[in-house]
Amino acid sequence: MDEKTRTFYDQFWPRSVPHYEETKKYMLATIREKHVGRSLDAGCGHGVCSVVLSEFSDEVTAVDLSGKCIETAKIIAEKFGRVNISFRQEDLQQLDMPDGSFDLVWCWGVAMMAPRPELVFRNIFRVVKPGGVIYLGVYLKTWLSPVHQFLRHLFRRFFATGRRKQFVLDFFAGLTGLAVKMKGQEINLRPDNISIQVQVEDWFYPPFKTFYSPGEIIAKMRQQGIDGQVIQAQAGRMKSATIFVVRGVKRADHA
Ligand SMILES: C[S@@+](CC[C@H](N)C(=O)[O-])C[C@H]1O[C@@H](n2cnc3c(N)ncnc32)[C@H](O)[C@@H]1O
């Protein structure tokens, strides 16, 4: 199990649960299926996405590396009275589920956080049923990606805790606020209850991160019998300029 990422998210999502309504609005604008049998929330974090999936799925399986996230997700599911979600603490790199288990897989902002993302891709692609669908959100590779990686390593090494870390979070929050003000937009970049500081933490502090081009993801899907199409080029409920979303459909004749 990837202990570094587990430890990071153990302390992260339990204190930063996003608003249900905003998350739901985003998911329903993204997912085309109106009703499905079995769904997988791969990397469920706070569990809000699992709740939304459970409203149009017969059954949902919510998987996360982090035990604290699973605890939080269970509380959220109970709060919304959802009884068709089962939770599993598991590493998607070693996902122990049979091929073709799900009609729909939702994996948003997760796969590229693993030390070996290719194992996550292989597993989440193989558990999609023939004819089933996957929604995959991953970080977009741009010319800024190496700069980002450099800063992330720097911050994780020298500004990892206490006041130093708070300085980084406040500095980038201030910078973002300034940029937004200059553009004449609203300061709250993310309407689902996540502060800029929390977004900065999620951006610069996870232990592992890989950036991809849409072409790379579509090619990986094709190798496992999935036809992928970019449905959001630079988007997401995070209003992030660096996540893109691919919708993939597994060919009906793919075993
Ligand atoms: C940025 S959060 C995204 C949460 C949620 N999918 C969402 O869209 O809000 C990433 C989540 O993926 C989980 N995660 C990262 N690597 C994982 C892995 N290898 N297996 C299972 N979960 C993982 C983390 O614990 C964390 O909860």
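Start at 1 and go down the list; that is how both ligands and their atoms are numbered. In this chain, numbering begins with 1 at the start of the sequence shown. Model, not experiment: these values are computed from the prediction.
- The nearest non-hydrogen atom to atom 12 (O) of ligand 1, considering only I70, T72, V120, V110, comes from V110.
- Checked for salt-bridge contact, E21 and K24 miss the test: no charged N lies under 4.0 Å from a carboxylate O.
- Of the options Y139, F155, F172, a side chain to side chain contact (heavy atoms under 4.5 Å, CB included) to W203 is made by Y139 and by none of the others.
- For a threshold of 3.5 Å applied to N or O pairs, the pair formed by V63 and ligand 1 contains no separation below that value.
- The C69 neighbourhood of ligand 1 comprises atoms 27 (O), with distances under 4.0 Å to a heavy atom of that residue.
- When each atom of ligand 1 is checked for a heavy atom of L92 under 4.0 Å away, the hits are 18 (C), 19 (N), 20 (N), 21 (C).
- Polar contact with ligand 1: absent for G109 (N/O pair, distance under 3.5 Å).
- Counting heavy atoms under 4.0 Å from ligand 1, residue Y9 touches it through the side chain alone.
- When non-hydrogen atoms are compared, ligand 1 lies under 4.0 Å from the side chain of D202 (C-beta onward) but not from its backbone.
- Within ligand 1, counting atoms from 1 as listed, the ones closer than 4.0 Å to a heavy atom of H46 are 7 (C), 9 (O).
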*Evaluation steps, side chain to side chain contact (heavy atoms under 4.5 Å, CB included), between R251 and R222*: CA-CA 10 Å; R251 277 171 234 136; R222 196 178 305 126; 3.7 Å; yes
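- Residue contacts with ligand 1 for E90 involve N, CA, C or O but no side-chain atom from C-beta outward (heavy atoms, distance under 4.0 Å).
- Close contacts of ligand 1 with G45, meaning ligand atoms under 4.0 Å from a residue heavy atom, involve 27 (O).
- In terms of polar-atom proximity, Q93 is not counted as a contact of ligand 1, lacking any N or O under 3.5 Å from an N or O of the ligand.
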Y26 vs V52, test: side chain to side chain contact (heavy atoms under 4.5 Å, CB included). Steps then yes/no.
CA-CA 10 Å; Y26 170 70; V52 177; over 6 Å; no
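- Checking only distances, M113 never comes within under 3.5 Å of ligand 1, N or O to N or O.
- The salt bridge (Lys or Arg N to Asp or Glu O under 4.0 Å) contacts involving residues 61-81 comprise nothing, where partners must be two or more places apart or lie in separate chains.
- Between D41 and ligand 1, no N or O atom pair is found at a separation short of 3.5 Å.
- Under a 4.5 Å side-chain heavy-atom criterion applied to ILVMFWY residues, the cluster that includes M1 comprises L65 as well.
- Considering D10, D64, L65 only, the shortest heavy-atom separation from atom 25 (O) of ligand 1 involves D64.
- For ligand 1 and D91, the ligand atoms under 4.0 Å from any heavy atom of the residue are 18 (C), 19 (N), 20 (N).
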**Item:** side chain to side chain contact (heavy atoms under 4.5 Å, CB included) between K129 and K250, worked out
**Value:** CA-CA 7 Å; K129 269 185 193 166; K250 192 173 261 189; over 6 Å; no
Yes or no on side chain to side chain contact (heavy atoms under 4.5 Å, CB included) for D96 and E90, after CA distance, side-chain angles and deciding distance? CA-CA 8 Å; D96 184 17; E90 209 172 325; 3.3 Å; yes
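- Ligand 1 places these atoms under 4.0 Å from at least one heavy atom of T5: 15 (C), 16 (N).
- A distance-only check finds no donor-acceptor pair linking the side chain of D41 to the backbone of V60 [under 3.5 Å].
- Under the 6.0 Å cut-off for aromatic ring centres, F121 and Y212 qualify, their centroids lying closer than that.
- The shortest N/O to N/O separation between W108 and ligand 1 falls below 3.5 Å.
- When the shell of 6.0 Å around CZ of R88 is examined, it contains more than 12 heavy atoms from other residues, nucleotides or ligands.
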